[in-house]
2 protein chains.
Amino acid sequence: MALEIKPSQALKLWRQVHLDLVQDAHSDLSVRQTAILLTIYLELPPHTVRGLASRLGVTKPVITRALDSMGKLGLVTRRRDETDKRNVVIQRTVAGALAVEHLADLVTARARELGPA
Amino acid sequence: MALEIKPSQALKLWRQVHLDLVQDAHSDLSVRQTAILLTIYLELPPHTVRGLASRLGVTKPVITRALDSMGKLGLVTRRRDETDKRNVVIQRTVAGALAVEHLADLVTARARELGPA
DNA sequence: CCCGATCGTTACGGGGCCGTATCATTATCG
DNA sequence: CGATAATGATACGGCCCCGTAACGATCGGG
């Protein structure tokens, strides 16, 4: 059951949601951070720094720094893996889940307003 | 003719396209720059710095700097308005149109791959 | 004609993110 | 036990973006 969307509709949707994001003071996430956040909340745990780095095709420091920033915003938490203390397990938070849900609402709402052109 | 999309589909779409953008070396635009680019290419000309600033809810220097960056990438061009030499008219370019088209293809392709959940 | 208003740009200080290289900690294997 | 590998964090230098404030150029009304 694929989602049929015309290129012009896709652009309108993309633009409108981005306008919303720019004006929303709480949405200060970069493209990379958004990709990380959604991967954490959509793919099955556990998530590690290394796993996210290879999944996104970026270096590990990118993930570490993004987790620092998102941690300050309360969107994710880190905990050491007790079975292998080298690993760090990234955990979801209530605030993070709310942010993801907010984004989903934003996209669906703007999609609903799209015209046929 | 609204576009019906479920929240879970919206999130999957958003995530997948963002993963593509992160891995695409040519896509180095921030959220703000993307909003500006799409506004220029989707809304009717003429576009001015002041108009874009008020449309996005940001200050004028933000627009000026974004146009500088996007100009270096060849995505837009500026020209002084001869009738009122205080104004600057932002113009589209072939490279910018291609970039917008590429984004549209990306979104539509990923939407087509979505499952029903 | 002049002075205020408007437009876009630039200057400044601050902060964030990047990639590479390196580090400390921990696990693994001979 | 000791050497090696693996994991995540940190240091460094560089670049880009931000918001505020100021600036030069241009227009327009009195």
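Proteins get letters first, then strands, A, B, ... in listed order; numbering begins at 1 in each.
Looking only at distances, no side-chain donor or acceptor of A:T48 sits under 3.5 Å from a matching main-chain atom of A:N87. Side chain of A:Q33 to backbone of A:S30: a donor-acceptor contact under 3.5 angstrom is found.
Listed by chain and number, the residues in a side-chain contact (heavy atoms from CB on, under 4.5 Å) with B:D105 are B:E101 (sequence neighbours excluded). Residues satisfying the ring pair (Phe, Tyr, Trp, His ring centres under 6.0 Å) criterion with A:H47, sequence neighbours excluded, are absent altogether. Listed by chain and number, the residues in a side-chain hydrogen bond (donor to acceptor under 3.5 Å, both in side chains) with A:R65 amount to none (sequence neighbours excluded).
Using cut-offs of 30° and 60° for the angle between ring planes, the A:W14 and B:H18 rings count as tilted.
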B/S/- contact track for nucleotides 11-22 of chain D, protein heavy atom under 4.0 Å = B-----SBBBB-
Could you run through nucleotides 22-30 of chain C and give me one letter per nucleotide, 5' to 3': B if any protein heavy atom sits under 4.0 Å from the base, S if only the sugar-phosphate is that close, - if neither?
-> ----BS---
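Phosphate contact (OP1/OP2 of D:dG8, side-chain N/O of A:T64, threshold under 4.0 Å): absent.
For DNA chain D, the neighbouring residues in residues 43-51 of chain A, judged by any heavy atom under 4.0 Å, are A:T48, A:V49, A:R50.
Protein atom CG of B:L67 is 10 Å distant from nucleotide atom C1' of C:dG8, rounded to whole Å. Remark: C1' of C:dG8 and CZ of B:R79 are 16 Å apart, rounded to the nearest angstrom.
Heavy atoms from other residues, nucleotides or ligands lying under 6.0 Å from CZ of B:R92 number more than 12. No more than 12 heavy atoms of other residues, nucleotides or ligands lie within 6.0 Å of CZ in B:R79, so this atom counts as exposed by the packing criterion.
Judged purely by distance below 3.5 Å, without hydrogens or angles, the side chains of A:R15 and B:T39 pair a donor atom with an acceptor atom.
Note that CG of A:L3 is 5.5 Å distant from CD of B:Q9, once rounded to the nearest 0.5 Å.
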